Amino acid sequence: MSTAETKSNFIRQIIDADLESGRHTRVVTRFPPEPNGYLHIGHAKSICLNFGLARDYGGTCHLRMDDTNPETEEEEYIEAIKNDVSWLGFEWGEKLFHASDFFEQMYQLAVGLIRDGKAYVDHLTPEEISEYRGTVREPARPSPYRDRSVDENLDLFTRMRAGEFPDGHCVLRAKGDLASPNMKLRDPLLYRIRKASHPRTGDTWCIYPMYDYAHPLEDAFEHITHSICTLEFENNRDIYDWVLDNTPVPARPHQYEFARLNVGYTVLSKRKLLQLVNEKHVAGWDDPRMPTIAGMRRRGFTPEAIRNFCDLIGVAKANSFVDIGKLEFCLREDLNLRSPRYMAVLDPIEVELVGWAADRVTMIDAPLWPEDVGRPGTRPLPLGGRVFIEREDFEQTPPKGFKRLSPGAAVRLRYGPVIRCDEVLRDETGRVVKLRCAVFEGDAAEAPRVEGTIHWVPAHAAVPAEVRLYDRLFSVEKPDADTSGRDWLTLLNPENLVVVRGALVEPALAALGPGQHVQLERTGYFYTDPKDTRPGAPVFNRVVTLRDSWAKRATVAASPAPSVVRPAATAAADTGKAARKSRTTLRAEARAAEPALAARYDRYLALGLSAEDADVLTGAQDVGDLFEAALSVYGNATSIARWVVNEVLGAAKDAPLSTLALDAAGLAGLVRMVDAGDISNLAGKEVLAELVEKGGTAVEIVERRGLRQVNDAAALGALVEAVIAAHPDHVARYKAGNAGLLGFLTGAAVRQSGGKANPQQVRALLEAALAG
RNA sequence: UGGGGCGUCGUCUAACGGCAGGACGCGGGACUUUGGAUCCUUGCGGUGUAGGUUCGAAUCCUACCGCCCCAGCCA
């Protein structure tokens with residue numbers, strides 16, 4: 001029931017472009033978990049993305065264990081990961097890899113880097129390395145070992161591999177850029193010594209590659225085309241590229257980053273999840289309260305619901321926080337179709353049906369499925385003289401709108417007769433122990449009208465069962481962002497699991513085996529625990545509650561509407577500390593350092609340019625050069641300035657202007673034609689795009705592409721008529737008051753003319769034509 | 001603070017100079033032997049701020065504001 005067609009996202013756009021340009025002819029992605037913990041819902045997003053891309057583009061997705069750190073990685077995790085990915089419904093076929101498969105090749109490439117003088121063995125201690133690295137403001141200092149000879153480095157590296165040095169004695173480092181503002185590039189570590197046994201390679205290695213070195217190589221060896229990771233690796237992309245550019249690899253993958261998943265009331269950091277397990281705050285990695293795939297599986301989530309959730313939330317680069325309600329929605333949507341309905345009473349009150357013959361039992365054929373699911377099937381449901389109902393379905397003094405039982409009121413027993421509460425029996429503490437109710441069977445004319453239906457179980461045939469009510473793990477929405485200073489563990493929800501041992505279920509449920517989904521009517525979706533369910537003794541895990549408009553109303557009524565006063569985004573309160581150095585200040589500095597630029601600035605102001613344009617044009621030599629050169633060909637300073645500032649800079653996208661095919665004469669010619677009305681602004685931009693791309697002259701491009709502006713009233717009139725005829729709906733909506741549609745219709749007309757029609761005139765003609 | 005990213009309904013996400021759309025949520029309605037199933041909904045609600053360019057700006061230019069990431073021998 002996966003919904004609709006696949007949503008567009010920025011990664012799909014990149015792939016589309018790569019396929020179209022021929023950069024790639026197929027798509028190969030990978031999901032590269034480190035086997036140092038169990039997979040969680042955040043990984044599910046990545047799995048669905050990577051495998052989904054491969055599926056949709058007819059490519060392949062590799063499963064790769066990123067096992068470069070033997071100290072934290074274990075075989076148990078490797079198996080769990082494989083199990084979870086395949087349970088989610090994805091197949092990697094033959095394409096199972098391990099980073100450790102490539103250790104020898106990685107080593108050889110490292111030797112190559114040393115030979116090329118691009119890597120060295122460093123003996124600085126970790127503390128010293130950190131110290132030498134500098135800060136974001138100050139550059140790094142070179143390690144005293146940075147310049148030793150290739151031969152010495154080769155010898156040392158060989159001995160590192162041979163196990164001659166203890167852990168931490170030395171590392172292999174790349175010769176990066178010590179002054180780089182990107183800290184990751186300041187001589188990144190490539191190899192460290194770890195005399196630990198590796199789950200796959202055992203003791204054959206005692207040096208292990210670092211992520212930043214290993215990952216790009218793994219991608220290249222596997223011929224990955226699109227290497228997709230999360231946002232926090234953006235800074236690592238520079239080393240990713242460095243490694244691939246400095247080693248002879250068989251392919252050239254590229255890294256793209258997307259926003260990782262965040263959801264409320266849980267944590268998704270492996271460190272914290274591990275701590276929850278180790279310190280026994282939960283019963284293990286597969287505890288149903290855990291956000292792990294294993295935990296969700298045991299709780300009763302389905303792969304379909306999780307996949308659907310991942311489709312629903314999309315993929316983008318903005319940090320986001322997904323409402324857990326979306327997951328619950330996906331769960332209910334899926335579970336509705338696969339969960340037969342039954343009844344169970346969690347907190348029973350006995351009800352005596354007054355007048356019911358002592359040993360009379362009627363069998364009810366109760367449907368397993370509601371009408372909308374439309375599946376056949378019933379289960380036998382016996383009704384005798386005593387039943388149990390839910391304690392919360394009775395109120396001595398019902399609040400307004402209460403549709404359940406209260407003294408003198410009547411309800412229908414689900415699938416059964418109507419009952420009216422005539423007598424309430426209590427114990428000495430005042431607790432209700434029994435209700436005596438009149439029964440109205442069949443179409444009894446005297447039956448009271450009822451508004452509510454409640455669930456029940458027959459007292460004589462009820463079966464005791466254990467019910468585990470799972471709730472959100474934490475009691476605050478963002479335990480990771482808690483600023484109260486409390487330890488995050490104190491934020492655990494004390495009621496994240498409530499075990500109900502006195503629950504009573506209808507007899508048909510007694511035979512349920514492990515791993516079955518049911519809906520306990522009016523209570524929620526449940527799953528028989530796959531580990532603890534015994535023959536005849538089901539254990540029910542609550543997967544998710546049902547939507548509950550009454551509970552919602554009740555809560556709202558109870559809490560006196562806390563009129564949420566949100567601190568209005570403090571309007572430009574200049575309390576804000578100095579922003580980062582802006583481009584203006586950068587340009588001002590450039591002018592201060594270079595008198596020629598400063599002189600230009602004054603001259604441009606004298607030419608009549610705005611201060612802003614003059615500023616932008618004089619921040620760098622090349623921008624001003626282009627402006628001046630174009631100006632010498634065509635003398636309208638403001639027009640040239642406008643095109644340089646607003647259009648050329650946009651087209652350049654921060655690249656130096658010298659990388660553009662555009663020359664000053666081309667630009668000047670273009671601006672001249674626009675000013676003269678030979679071509680429209682729109683066409684002008686089209687011409688500029690080609691000039692930037694391929695160079696040439698504006699006149700030639702205009703003639704070749706036939707972009708000369710059409711100003712002829714008759715031709716434009718015909719065009720307008722045609723557009724009006726072609727879009728009757730839009731015209732009607734425009735006339736009904738949707739003014740925004742004038743833009744749409746103008747656009748349609750201009751587009752139909754191939755960008756040649758004079759847009760002002762088109763718009764005016766349209767407006768006039770539609771006014772009548 | 002140097003650098004790298006990101007700001008669109010309450011939340012998530014589209015729109016690539018031309019109708020701000022979808023989903024969850026919220027509200028309203030239908031139906032009802034699940035208040036909680038299910039269905040309908042032309043209902044609510046948004047382009048961080050301020051300028052500029054353009055016939056037309058969420059989109060291009062400029063400035064400002066805010067948030068995230070980077071100084072592990074983790075990944």
Side-chain angles (χ1 to χ4, degrees), chain A residues 3-4 7-9 13 34 36 66 68-69 72 126 129-130 133-138 167-168 171 180-184 186 189 191-194 210-211 215 231-238 257 259 312-314 316-323 325-326 329 336 341 370-373 401 403-404 412-416 450-455 519 521-524 545-551 553 569 571-572 576 578-584 610 612 615-616 642 645-647 649-650 681-682 685 730 733 738 740-748 750-751 758-764:
Chain A
T3 41
K7 286 203 265 185
S8 163
N9 64 49
Q13 292 182 355
E34 183 192 11
N36 68 345
D66 211 2
T68 57
N69 184 357
T72 55
I129 286 179
S130 167
R133 187 143 36 210
T135 69
V136 290
R137 297 298 307 272
E138 312 147 32
D167 281 13
V171 293
S180 172
N182 181 353
M183 303 291 292
K184 300 280 184 193
R186 324 242 266 221
L189 275 61
Y191 272 91
R192 76 294 215 187
I193 301 171
R194 279 294 107 95
M210 300 285 291
Y211 168 86
H215 209 89
L231 250 27
E232 67 269 26
F233 290 98
E234 277 174 327
N235 296 316
N236 300 58
R237 193 173 57 233
D238 285 342
E257 310 88 14
L312 203 65
I313 59 178
K317 293 196 76 159
N319 288 315
S320 58
F321 205 89
V322 177
D323 187 343
K326 276 203 175 60
F329 167 82
N336 176 41
R341 315 293 144 120
E371 213 167 75
D372 71 284
V373 176
K403 292 195 204 167
R404 287 114 93 165
R412 179 176 294 280
L413 294 179
R414 179 74 165 152
Y415 308 121
V450 297
E451 282 199 278
T453 300
I454 64 175
H455 59 276
Q519 185 195 111
E521 293 200 61
R522 302 210 310 141
T523 302
T545 60
L546 264 21
R547 288 182 65 240
D548 188 348
S549 58
W550 172 254
R553 240 179 85 188
R580 72 174 51 182
K581 217 179 256 184
S582 71
R583 294 184 180 201
T584 349
S610 69
E612 184 184 309
D615 176 24
V616 173
R642 177 178 95 63
V645 170
N646 286 306
E647 309 298 343
L649 253 29
N681 246 297
L682 188 64
K685 289 189 197 186
H730 291 83
R733 278 158 57 208
N738 189 340
L741 261 25
L742 190 60
F744 169 80
L745 294 168
T746 307
V750 169
R751 221 173 302 118
N758 180 318
Q760 286 108 305
Q761 291 189 41
V762 168
R763 194 182 176 95

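Letters go in sequence order (proteins before strands), and every chain restarts at 1. Predicted model, so just to flag it, every value in this text is computed and none were measured.
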Give one of base, sugar-phosphate or nothing for [X], where a contact means two heavy atoms less than 4.0 Å apart.
X      : answer
A:V171 : base
A:G452 : nothing
A:R414 : base

Watson-Crick or G-U wobble partner of [N], both distances under 3.5 Å:
N     : answer
B:C73 : none
B:G7  : B:C65
B:G21 : B:U13
B:C26 : B:G43

Nucleotide [N], atom [atom2] - distance to [atom1] of [X] in whole Å:
X      : N     : atom1 : atom2 : result
A:F321 : B:G25 : CZ    : P     : 18 Å
A:K685 : B:U59 : NZ    : P     : 12 Å
A:R763 : B:G56 : CZ    : C1'   : 5 Å
A:N319 : B:C12 : CG    : P     : 10 Å
A:E371 : B:C31 : CD    : P     : 14 Å

Whether [X] contacts [N] is assessed here as follows: a side-chain N or O lying under 4.0 Å from the phosphate OP1 or OP2. Is that the case?
X      : N     : answer
A:R133 : B:C73 : yes
A:N336 : B:U38 : yes
A:R404 : B:G35 : no
A:R192 : B:C74 : yes
A:R186 : B:C70 : no
A:R751 : B:G56 : no
A:T746 : B:G18 : no
A:S130 : B:G72 : yes
A:T68  : B:C74 : no
A:Q13  : B:A15 : yes
A:S8   : B:A15 : yes
A:R522 : B:G35 : yes

On a plain distance test, is the side chain of [X] in donor-acceptor contact with the base of [N] below 3.5 Å?
X      : N     : answer
A:R194 : B:C73 : yes
A:N235 : B:G5  : no
A:D323 : B:G10 : no
A:K326 : B:G25 : no
A:E647 : B:U53 : no

| request: For B:G72, measure the glycosidic angle (O4'-C1'-N9-C4 for a purine, O4'-C1'-N1-C2 for a pyrimidine) and name it syn if it falls within 90° of 0, otherwise anti. | output: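 Syn, angle within 90° of zero.
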
Among B:U34, B:C12, B:C73, the one nearest A:V322 by side-chain distance: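 Within the option list, the nearest is B:C12.
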
* To do: Might you point out which heavy atoms bring A:T746 and A:P759 nearest each other, and give the distance in Å?
  =>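 So the two residues come closest at CG2-O, 4.2 Å.
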
